[in-house]
Amino acid sequence: MKHPVVPQAVKGRLVLPAGVRKVLQLREGDRLLLRLRDDGVIELVKAEDIAMGSKGLLKRLYPALKGNTLARELNQERRREALQE
């Protein structure tokens, strides 16, 4: 299953072979990001993996938010403003 051939079906649809879906742990309804590289190579990446990678990136960029959510930060800011009024 190193290089499965995938025929193009009606309306340009591609069906990923079951072996590929199993290796990638894809389930029905999973969203995939399709990247078309300049060299013509197509990459499929699970959108969930992109989101999780971004979450880690944000933690590294904003260590002050560690343990805090943006909603919590906003609520704290609004409370401070309300106390000043």
Side-chain angles (χ1 to χ4, degrees):
M1 190 196 60
K2 268 192 165 187
H3 302 286
V5 175
V6 180
Q8 181 175 323
V10 178
K11 296 184 182 180
R13 294 180 180 167
L14 302 174
V15 176
L16 298 176
V20 171
R21 294 191 311 265
K22 184 177 179 180
V23 168
L24 297 176
Q25 299 177 353
L26 293 176
R27 295 191 183 113
E28 186 175 333
D30 281 348
R31 300 178 66 85
L32 301 172
L33 172 70
L34 187 143
R35 293 180 185 161
L36 179 57
R37 296 188 339 198
D38 291 337
D39 61 0
V41 172
I42 295 173
E43 298 176 333
L44 288 176
V45 183
K46 287 174 69 172
E48 179 182 333
D49 293 343
I50 298 292
M52 295 307 285
S54 298
K55 183 178 176 182
L57 174 66
L58 289 174
K59 279 185 179 179
R60 286 192 300 275
L61 290 175
Y62 301 102
L65 294 178
K66 189 175 182 179
N68 290 324
T69 64
L70 292 177
R72 186 178 301 147
E73 289 287 322
L74 180 60
N75 285 334
Q76 289 173 351
E77 182 178 326
R78 288 187 176 167
R79 285 186 191 118
R80 285 190 297 268
E81 290 172 356
L83 289 173
Q84 291 175 353
E85 291 179 357

Practice task
For side chain to side chain contact (heavy atoms under 4.5 Å, CB included), just list the numbers for Leu16 and Leu44, CA-CA rounded to whole Å, side-chain angles, deciding distance to a tenth of an Å, and then say yes or no.
Solution key: CA-CA 11 Å; Leu16 298 176; Leu44 288 176; 4.0 Å; yes
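Rounding to the nearest 0.5 Å gives a distance of 10.0 Å between CD of Gln25 and CG of Asp30. For the atom pair Arg31 CZ and Leu26 CG, the distance stands at 13.5 Å (nearest 0.5 Å).
In the displayed structure, Glu43 atom CD is contacted under 6.0 Å by more than 12 heavy atoms of other residues, nucleotides or ligands. Counting heavy-atom neighbours within 6.0 Å of Asp38 CG, excluding the residue itself, gives a total of 12 or less.
Annotation: side chain of Lys46 is in contact with side chain of Leu32 (closest heavy-atom distance under 4.5 Å).
In plain terms, the two heavy atoms of Val15 and Val6 that are nearest each other are O-CG1, 3.2 Å. Nearest heavy atoms, Leu14 versus Gln8: CD2-CA, 3.8 Å.
Hydrophobic clustering places Leu24 together with Leu34 (ILVMFWY residues linked when any side-chain heavy atoms are closer than 4.5 Å, directly or through intermediates).
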